[in-house]
Number of protein chains: 2
Amino acid sequence: MTTLSAPYLVRHDPGVRPTMKDVATAAGVALKTVSRVVNGEPGVHPATAERVRAAIDRLGYSRNESARVLRRGRTATIGLVIEDVADPFYSGLSRAVEDVVIGHDCLLLTGSSGEKPVRERELVETFCTRRVDGLIVVPAGDDHTYLRPELEAGTKVVFADRPPGAGLDVDTVLADNAGGAEQAIRHLLGHGHHRIAFLGDDPAIYTAAERHRGYREALGGLYDPRLVSMRPPTLEGVRADLDRMFALDRPPTALFTGNGRYTVTTLRALAGRPIALVGFDDFELSDLLQPGVTVVAQDPSWMGRVAAELLFRRLRGDVGPPEHIQLPVRLIPRGSGELP
Amino acid sequence: MTTLSAPYLVRHDPGVRPTMKDVATAAGVALKTVSRVVNGEPGVHPATAERVRAAIDRLGYSRNESARVLRRGRTATIGLVIEDVADPFYSGLSRAVEDVVIGHDCLLLTGSSGEKPVRERELVETFCTRRVDGLIVVPAGDDHTYLRPELEAGTKVVFADRPPGAGLDVDTVLADNAGGAEQAIRHLLGHGHHRIAFLGDDPAIYTAAERHRGYREALGGLYDPRLVSMRPPTLEGVRADLDRMFALDRPPTALFTGNGRYTVTTLRALAGRPIALVGFDDFELSDLLQPGVTVVAQDPSWMGRVAAELLFRRLRGDVGPPEHIQLPVRLIPRGSGELP
DNA sequence: ATGAAAGCGCTAACAT
DNA sequence: ATGTTAGCGCTTTCAT
C-alpha cells in the first residue's frame, strides 16, 4: 500500500491554504460549526468542538482576516502616523500606543512620514483603504481636508503632538510647548542670563513655532532676532549659527534648544565649550553628561497613552465635542541650565 | 426649492461608505469600469475615466482593501516582530525595514514582543491571519514549530538578530556577536587588563550567550566565572553585581557590557567611578561622555535592510537553500576602552 | 471600450 | 446543538 490517504498526511500545495470549508469537511460538520468553534461562540457540543479543533490543527488552518473584515465591517485595527520611528520621542510614543491598542485586542499599523506631507497623506490613505477603525496622526503637513471623507465615513481621528491644519476640528493631544519654553527661559533669566539664544527647527513645524513663541514672550524686551536660528538640525548648520552668534558684539551667554535632536547636535557642535543650556525634551544620558543637561521634559509615553485612550473612547461611541488635551511639561535642573 | 438632489451634495450616513457600485451608479457606468479606472487598467475611454474619477472624488470613495485582498490572495503586506520599538537598536532596524517595504509598495505591520515568547507567537499568528506575504522575526522564544503551517502555505520568513529554535532552517541575518566580543576582550587585554568582567543579559537570549561565548574564548585561562553577571539590566541588579565584583580579592580592572542598554545602566551604576569599559552596541552620545565610550558597533539599519531585501528576494521567487548572513561589527575606540 | 456574472472566505440571520 | 443561505466589495473571466 503506497497511497496514504489518511487526512493527517494530506499535504497542501504551497500557497493553498485550508479554509473553514476544508476544516468542516475534515471534521464532518457544517461550516458554521467551525465558525462557532473558531470564534468561541456557544452552542457547540464539547466533543464536536474537539473534533473541529483537531481538524484545525491537522490542516494548519488559520482564519482569513480579510474575509472576516469584509463581512463584519470592523477591522479592529488602528493606524498611527508619526514622523520617524527611529526618533526616541516617537518610538516611545509608539510603544505606549501599541500597549493600549493591544489591550483592546486590536492591531496597530504604524508608518513614518519623515516630515513629508505627501507621505503623511499616503500613509493615512493606505490605512483608510485598510479600513482602520481609528487613526492617531502626528501631522507633517498643514492641510487635512483630505481626511473629510474618512471622518464622514465614521473613522475616528486624534491628532497628537501637533494640531491639524485649519478647518478641521478634531481631538488633539498636545504638550504645553509655549509654557515649557517660557519656563526654560525664566529659569535662565533667573540665573542671570540676558542674552539667550534659541536654536530650533523650522517654524513651519508647529512645536518649533510654539516653543519659539514661548521663548519670545518670556524674553520680552530682551528678544533679539540675531540670537534665533530655526532650521533643520544639521551639525554644520548649528555650528555655523553658533559661530555667528558668538561673534556678535554681545554674544549669547546661554542657549535654549528647541528639541531633543537639537540639544544633542548643539552639544556636539559646542565640543565641550561650557555655556549655560536648557533643552526641550529629555533624552537618555542627559544625566550622565558633564555637566548634566537641564531640560524641559515631555513624556512621550504619556502622550501616546492619552491619545490612544481618547481614540478608544471615541470608538466606544463617545460623541462629545472635540477635546483639546494639553499635557504639562516639567523643567528638570541637572547642571547645564544653572551655569552662570 | 429646499430639496437639493444634485449628486455632489449627497451626504452619506456616518459609517456608510460608498462602494464601487455606488461610484458606478453615480458615474452612469458599470462596476467593472470603475474597477478599471481605480486600478489604472487600460481600455477605458478618457472621457469615461474622467467621469468616473469625478464621481470618486464627489463620493469620497476609497477602495476596500479587504475585499480586494480576499479576491486576489496577495496582501502586499509584510510583518515585523521585534523586541521593543522603544529600544534604539530595534527602532533603527524598523525604520530600515519600513524604507525597503515602502520601496516595494507594501505595507508594514510591526509589533513588539517584549521578549515574551507567547507574545511573539501571538504577533506572528495575528500577522498570518492578516495573510502577510512575508515575515521578519526577531524571536523571543526558541520554539518555532508553530510556523510550519505558515511556511507550508507559502509565507516567507527571515529571522533577524537571533536564529530560530531547533528544527527550523530558514534565512537568518545575524551579527558577528562572538567575534565582536572577542575583539572587545582582545582590545582590553592589549591595554594590560587581565581581570575583565562581563555584564550582560540572561544567556537564554541568543545574542547574550554568543557575546559571552566570545568573551570566554578570548579570555581563555583568564576566565573567572565570578566576574560574570548575566541578568536583566536593572540599575539595582547591576549595582549589586558591581559591588560584589569590586569586593573580590582580585577585582576587575575592566568591564565588558553585553548590549547598549547594559552599557548605559552600567555607566549609571558606576556613577563616575573611572574604570576601563567596552560596550557591545553603539549608542547616541557615546562620544560626548567623559571619557568617550569605546564600543563594538553593529549597524541596526543595515541588518534591517539586509533582512528586508532578502525577504523580497524570496517573495520574488528565489527558492535557493536558506541563507545565513553574518554582518560584521567593528570596534570604535573612544577613550573608555583605552584606560589603563 | 464596456459589461454581466461568478466567487474569494467568512459571518449574520434564520431555519431545524 | 447544528445547518442553510445570502451577501460583504472586490477582481476574474468571459461576453458583447
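To find a chain, count down the sequence lines: A is the first, B the second, and so on, and within it residues start at 1.
A straight line from CE of B:M20 to P of C:dG7 spans 20 Å, rounded to a whole angstrom. Between the CZ atom of B:R131 and the P atom of C:dC8 there is a distance of 15 Å, given to the nearest Å. Rounded to a whole Å, the CD atom of A:E65 is 12 Å from the C1' atom of C:dT11. For the pair B:N39 CG and C:dT2 P, the computed distance is 16 Å after rounding to whole Å. Rounding to whole angstrom units, CG of residue B:D22 and P of D:dC8 are separated by 11 Å.
A side-chain donor from one of A:D161 and A:Y90 sits under 3.5 Å from a side-chain acceptor of the other. Residues B:S112 and B:R119 have side chains that never bring a donor and an acceptor to within less than 3.5 angstrom of each other. In this structure, a donor-acceptor pair under 3.5 Å is absent between the side chains of B:S66 and A:R68.
When the side-chain nitrogen and oxygen atoms of B:T33 are compared with OP1 and OP2 of C:dT2, none of them lie within a distance under 4.0 Å. At the phosphate of D:dC8, neither OP1 nor OP2 sits under 4.0 Å from any side-chain N or O atom of A:R68. Considering only side-chain N and O atoms, A:N64 lies nowhere under 4.0 angstrom from the phosphate OP1 or OP2 of C:dC8. OP1 or OP2 of C:dT11 has at least one side-chain nitrogen or oxygen of A:R63 nearer than 4.0 Å. For D:dC10, the OP1/OP2 oxygens have no side-chain nitrogen or oxygen of B:S35 closer than 4.0 Å.
Across all strands, B:A30 comes closer than 4.0 Å only to sugar-phosphate atoms, never to a base (heavy-atom distances). Among the heavy atoms of the strands lying under 4.0 Å from A:V29 are primed sugar atoms or P, OP1, OP2 only; no base atom is included. As judged by a 4.0 angstrom heavy-atom cut-off over every strand, A:T48 is placed among residues touching the sugar-phosphate backbone only.
Using a 4.5 Å cut-off on side-chain heavy atoms (C-beta onward), A:P117 and A:D143 make no contact.
Judged by distance alone, the side chain of A:S301 and the main-chain N or O of A:A96 form no donor-acceptor pair under 3.5 Å.
A salt bridge is absent between A:D99 and A:R305; no separation between the charged side-chain nitrogens and carboxylate oxygens falls under 4.0 Å. Using a 4.0 Å cut-off between charged side-chain N and carboxylate O, B:R17 and A:E150 make a salt bridge.
Picking from C:dA4, C:dA1, C:dA12 the nucleotide with the shortest atom distance to the side chain of B:K32 gives C:dA4. In the set C:dA1, D:dG7, D:dC10, the nucleotide with an atom closest to the side chain of B:H45 is C:dA1.
In this structure, B:P42 and B:L70 both approach DNA chain C, and ranking their closest nucleotides by distance from the 5' end singles out B:P42. Ranked by how close their nearest DNA chain C nucleotide is to the 5' end, A:E41 and B:R71 are led by B:R71. In terms of position on DNA chain D, the residue among A:L31 and B:K21 whose nearest nucleotide sits closer to the 5' end is A:L31.
With hydrogens and angles ignored, a donor-acceptor pair under 3.5 angstrom links the side chain of B:R36 to the base of C:dG3.
In the helix from C:dA1-D:dT16 to C:dT16-D:dA1, the end axes, each obtained as the rotation axis mapping the C1' atoms of four pairs onto the next four within a five-pair block, lie 30° apart to the nearest 10 degrees.
Relative orientation of the B:F159 and B:H144 rings is perpendicular, given thresholds of 30° and 60° on the angle between their planes.
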